Amino acid sequence: MTEHAVVIAGGGPTGLMLAGELALAGVDVAIVERRASQELAGARAGGLHSRTIEVFDQRGIAGRFLAEGQTAQVAAFAGTPLDISDFPTRHPYALGLWQNHIERILAGWVDELAVPIHRGREVTGFAQDDTGVNVEVSDGMSLRAEYLVGCDGGRSLVRKAAGIDFPGWDPTTSALIAEVELAEEPELGIHTDDIGVHSFGRLEYEIRDGEVVYMDRGPVRVMVTERHPGATSEPTLRDLSEALIAVYGTDYGVHSPTWISRFTDMTRQAAAYRERRVLLAGDAAHVHSPVGGQGLNTGVQDAVNLGWKLAQVVNRTSPEDLLDTYHAERHPVAARVLRNTMASVALFRPDDRVKALGDAMSELLRVDENRKRFGAMMSGLDIHYDLGEGHPLLGRRMPDLDLVTSGGPLRVFALLHDARPVLLNLGEPGGFDITPWADRVQLIDAECVDLWELPAIGVVAAPTAVLIRPDGYVAWVGDRTQLGLADALTTWHGPPTAA
Ligand SMILES: Cc1cc2nc3c(=O)[nH]c(=O)nc-3n(C[C@H](O)[C@H](O)[C@H](O)COP(=O)(O)OP(=O)(O)OC[C@H]3O[C@@H](n4cnc5c(N)ncnc54)[C@H](O)[C@@H]3O)c2cc1C
């Protein structure tokens, strides 16, 4: 039986990101992935929100995504655009990039980090005991790990086999989505009628002056809302043709589908993200309507929250209960995503009274304070982990400020490339002694003249020191004293090493 410290079921965006995070921390991790290659059948996520681009920037890989995608102001709530171009971040935009490219880039990074991926195999079951998990894999292979993480999507076998409840709401709407050829030219763009929202677009597009401009030719991506939700069979070309005729009176001579799939607004969340040695992340832990484009983003950020914690536990620098902070921090984040997608789906309902409500909402979102608030929510920039009372930075993302150090100028995010925590001392150089944590925590003396400004909050008092976790969230803020620093270091990065 092959042993690893961690086995990840599923090598989609969440599993790949988690594998990269664990590998950076020196953890022996392997992925078991059902698909024979990273090839993705069907369209899924269309891009990345600002905070996810920042998260990649923290690891030094944002440029790989930016080089292939197109930046645009596409954050929106229930169809109302939320321009975030004035937000205090180096990435005040979203990035249009199809999920197959996002996965390919992530897989390339994971490959550089030498993570083994058992492709074309699936996790079929597991049994956990006090010291680890026996993971059964198809083809009779079996693996032993200290921890198993289910990143195996919405129908997660790991979640079901762990007996974790998945409460929520059944679908109220469903849509067919496909990549096809059409004999007749439809009007490209989004259309709404009394059945719901539908759209035609081409696979290839450019963003010019903030507008999507489709290429003249090439395959068409069609989305058509079905009159009756609830179908469970695999969708066919005939289903697509009938749904198009129900909406447009014609199927535009649809033919030669590359793929056809169905999505719904089913909304569910795992009751627990951890069952002893088994954890869940990404769609395995939460599913919801794709409106707002938050699923992949939330999964990648789950992975970045879990990765360093799990690494510290398997590397024996932190006790196991650090893993409980993963559920405590990430469950509320996804619960809010579920709520905002449900609200958006409701506002898209083809009903004049709902439309009136949507218009009122849209008017409210044009008030600058509301635009900032919702823009920060949809872009993920306002995520706040409850780490107690204190400075506004506590539990929020560390801004990527310019620093001057004895080694020269650098950006805060450059300090996070190796996924190691940082105590950033902006006061008297040499003012901190963290020798008992020096094997784990970087101590950097620096000067910073930038304004400390947080999305939707505004300018906050400049701290004299901050403890930044590997995921880029601030765990402790110093204000001329070191009060609470030893506790914060112990809580987040383990007890001090004896001299
Ligand atoms: C139409 C549509 C549009 C979307 N648009 C957006 C968007 O714009 N932005 C956004 O952020 N999100 C969007 N999403 C959501 C996004 O696609 C998902 O949230 C994202 O793929 C979740 O990633 P994941 O890695 O958690 O799960 P998945 O991508 O589902 O990956 C799970 C992986 O596990 C593998 N697997 C499953 N079972 C097993 C097993 N037993 N053993 C081994 N491997 C297994 C699968 O093959 C798969 O590779 C959209 C989704 C849809 C359907």
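Counting starts at 1 for both ligands and their atoms, in listed order. The structure presented is a predicted model; accordingly, all values stated were derived computationally and were not measured.
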Requested in this report: For atom 45 (C) of ligand 1, find the nearest protein heavy atom and state the residue, atom name and distance (0.1 Å precision).
Outcome: Arg34 CB, 3.8 Å
Query raised in the report: What atoms of ligand 1 come within less than 4.0 Å of a heavy atom belonging to Cys151?
Result: 32 (C), 33 (C), 34 (O)
Query raised in the report: What about Gly154: any of its N or O atoms under 3.5 Å from an N or O on ligand 1?
Result: no
Query - Arg159 charged N/C atom sitting above Phe166 aromatic ring, 6.0 Å / 45° - result: yes
Query raised in the report: Is the charged tip of Arg397 near the ring of Tyr473: under 6.0 Å from the six-membered ring centre and within 45° of its axis?
Result: no
Report summary line: shortest atom 46 (C) of ligand 1-to-protein heavy-atom contact is with Glu33 OE2, 3.5 Å
Query raised in the report: What atoms of ligand 1 come within less than 4.0 Å of a heavy atom belonging to Glu122?
Result: 40 (C), 41 (N), 42 (N), 43 (C)
Requested in this report: Could you list the atoms of ligand 1 found under 4.0 angstrom from a heavy atom of Gly153?
Outcome: 27 (O), 30 (O), 32 (C)
Report summary line: Closest to atom 12 (N) of ligand 1 among protein heavy atoms sits Leu296 N, 3.0 Å
Query raised in the report: Does a donor on one side chain and an acceptor on the other come within less than 3.5 Å for Arg396 and Tyr385?
Result: no
Query raised in the report: What residue and atom, counting heavy atoms only, is the protein's closest point to atom 39 (C) of ligand 1, and at what distance?
Result: Asp152 CB, 3.7 Å
Requested in this report: Given side-chain hydrogen bond (donor to acceptor under 3.5 Å, both in side chains), test Asn340 with Gln294 step by step and report yes or no.
Outcome: CA-CA 10 Å; Asn340 76 45; Gln294 298 165 92; 2.9 Å; yes
Query raised in the report: Taking atom types as modelled and ignoring hydrogens, do the side chains of Thr341 and Arg336 form a donor-acceptor contact shorter than 3.5 angstrom?
Result: no
Query raised in the report: Measuring from Leu148:CG to Arg276:CZ, what's the distance to the nearest 0.5 Å?
Result: 12.5 Å
Requested in this report: Can you sort out which atoms of ligand 1 are near Gly295, meaning under 4.0 Å from one of its heavy atoms?
Outcome: 10 (C), 11 (O), 12 (N), 19 (O)
Requested in this report: Hey, could you give me the CD/OG distance between Glu234 and Ser261, rounded to the nearest 0.5 Å?
Outcome: 8.5 Å
Report task. Give me the ring orientation class for Tyr214 and Tyr205: parallel if the planes are under 30° apart, tilted from 30 to 60°, perpendicular past 60°. Result -> perpendicular
Query raised in the report: What protein heavy atom sits nearest atom 53 (C) of ligand 1, and how far off is it?
Result: Phe263 CB, 4.1 Å
Query raised in the report: At a 4.0 Å threshold, what atoms of ligand 1 neighbour a non-hydrogen atom of Thr14?
Result: 23 (O), 24 (P), 25 (O), 26 (O)
Requested in this report: Just need the protein heavy atom nearest to atom 28 (P) of ligand 1, so name the residue and atom and give the distance.
Outcome: Arg44 NH1, 3.9 Å
Report task. Please work out whether the ring planes of His288 and His286 are parallel, tilted or perpendicular, with thresholds of 30° and 60°. Result -> parallel
Requested in this report: Using a strict cut-off of 4.0 Å, indicate which atoms of ligand 1 neighbour a heavy atom of Gly282.
Outcome: 26 (O)
Query raised in the report: Relative to atom 23 (O) of ligand 1, which among Gly299, Pro13, Gly120, Pro290 owns the nearest non-hydrogen atom?
Result: Pro13
Query raised in the report: With under 30° as parallel and over 60° as perpendicular, where do the rings of His331 and Tyr273 fit, or are they tilted in between?
Result: tilted
Report task. Looking only at distances, please establish whether an N/O atom of ligand 1 is found under 3.5 Å from an N/O atom of Glu103. Result -> no
Query raised in the report: So which heavy atom in the protein is nearest atom 17 (O) of ligand 1, and how far is it from that ligand atom?
Result: Gln99 OE1, 2.8 Å
Requested in this report: Check ligand 1 against Val32 and write out every atom of the ligand that is under 4.0 Å from a heavy-atom position of the residue.
Outcome: 43 (C), 44 (N)
Query raised in the report: How are the rings of Tyr248 and His198 set relative to one another: parallel (under 30°), tilted (30 to 60°) or perpendicular (over 60°)?
Result: perpendicular
Requested in this report: Name the closest protein heavy atom to atom 34 (O) of ligand 1, giving the residue it belongs to and the distance to 0.1 Å.
Outcome: Gly10 CA, 3.2 Å
